[in-house]
Amino acid sequence: METGSPDDAGTTGTARAAGRAAPAGPSAAPRDEPVWTGLPPGLLHLRRLLLVVWLGLLTVAAVVLPALFLDPLWAALALLPLALAAWGWVMLGRNWRSWRYAERADDLLISRGVLWREETVVPYGRMQLVEVTSGPVERHFGLASVQLHTAAAATDATIPGLDPAEAERLRDRLTELGEARSAGL
């Protein structure tokens, strides 16, 4: 189950797309499924660029160093980083499609993972701090991350690779909902 691809615009909200069958029969009411939002493709481009840069440097080193100091036949070791780059290219795409988040009435859902699926539920009333961060490389690609801090350190959650405007909107909305929900505690 992968979401977030450019084909579906990163949003799925049907029971079928969520991987569950819709209730059948006339007496079964449809379940209120969350509307999932995938990550923008800029994060995938950033991660793939970093993969190509680092493994490209490793490939050049694997060609040049054996050619200078050993038998040039050892330069065939450069095929290993190239194979790793091809495998990493595919895996980065699968990982990017697995990330998604959904805003519900009382909490925020964050889902990620290809082999080991992980879904984090952060109740708005438990949020203590919502911050938007963007490093120099992220800023160059027009990306930002939203990090949620709660009382329990184990439940801190991050949504990486958002557009800065969406990250700020999400931060403001989560802060507003967090203040409204925590006022009743």
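Being a predicted model, the structure only gives us computed values, none of them experimental.
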Novice: Counting only N and O atoms by type, is there a donor-acceptor contact under 3.5 Å from the side chain of T150 to the main-chain atoms of R126?
Specialist: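 Not at all, since once roles are kept as given, no pair shorter than 3.5 Å links the two residues.
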Novice: Would you confirm whether S98, through its side chain, and G113, through its main-chain N or O, come within 3.5 Å as a donor-acceptor pair?
Specialist: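 Flag set: sc S98 to bb G113 pair under 3.5 Å.
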Novice: Strictly by modelled atom types, are R100 and T37 linked by a side-chain donor-acceptor pair under 3.5 Å?
Specialist: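 No pair is found: no donor N or O on one side chain lies under 3.5 Å from an acceptor on the other.
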Novice: Would you tabulate the side-chain donor-acceptor contacts of residues 170-177 under 3.5 Å, counting partners in other chains and residues two or more places apart, or write 'none'?
Specialist:
from : atom 1 : to   : atom 2 : distance (Å)
R173 : NE     : E103 : OE1    : 2.5
T175 : OG1    : R171 : O      : 2.7

Novice: Does L92 have any side-chain contact (heavy atoms from CB on, under 4.5 Å) partners at least two apart in sequence or in another chain, and if so, which?
Specialist: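 If we apply the side-chain contact (heavy atoms from CB on, under 4.5 Å) test to L92, skipping adjacent residues, the hits are L44, R47, R48, L51.
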Novice: Please report the shortest heavy-atom distance between W99 and T158, naming the atom on each side.
Specialist: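 In terms of heavy atoms, the two residues are closest at CZ3-O, 3.2 Å.
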Novice: Would you name the heavy atoms of P34 and A102 that are closest together and state the gap between them?
Specialist: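 Reported closest heavy-atom pair: CB-CB, 3.7 Å.
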Novice: Tell me which pairs pass salt bridge (charged side-chain N to carboxylate O under 4.0 Å, His left out) where either residue lies in residues 128-139, with sequence neighbours left out.
Specialist: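 Every pair satisfying salt bridge (charged side-chain N to carboxylate O under 4.0 Å, His left out) with a residue in residues 128-139: there are none.
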Novice: Determine yes or no for a side-chain-to-main-chain donor-acceptor pair under 3.5 angstrom, with Y101 supplying the side chain and I110 the backbone.
Specialist: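 No, Y101 side chain to I110 backbone: no donor-acceptor pair under 3.5 Å.
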Novice: Apart from W116 itself, what residues make up its hydrophobic cluster when side-chain heavy atoms of I, L, V, M, F, W and Y under 4.5 Å apart count as a link, directly or indirectly?
Specialist: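 Noted: W116 shares its cluster with L115.
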Novice: Measure the CZ-CG distance between F141 and D163 for me, rounded to the nearest 0.5 Å.
Specialist: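 Rounded to the nearest 0.5 Å, the CZ-CG separation comes to 13.5 Å.
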Novice: Would you please name every residue forming a side-chain contact (heavy atoms from CB on, under 4.5 Å) with A85, sequence neighbours left out?
Specialist: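 Here the qualifying residues are L55.
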Novice: How many angstroms lie between CG in L108 and OH in Y124, if you round to the nearest 0.5 Å?
Specialist: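 Between L108 CG and Y124 OH, I get 5.5 Å after rounding to 0.5 Å.
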Novice: Sequence neighbours excluded, which residues qualify as side-chain contact (heavy atoms from CB on, under 4.5 Å) partners of L80?
Specialist: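 Scan of L80 (side-chain contact (heavy atoms from CB on, under 4.5 Å), adjacent residues dropped) gives none.
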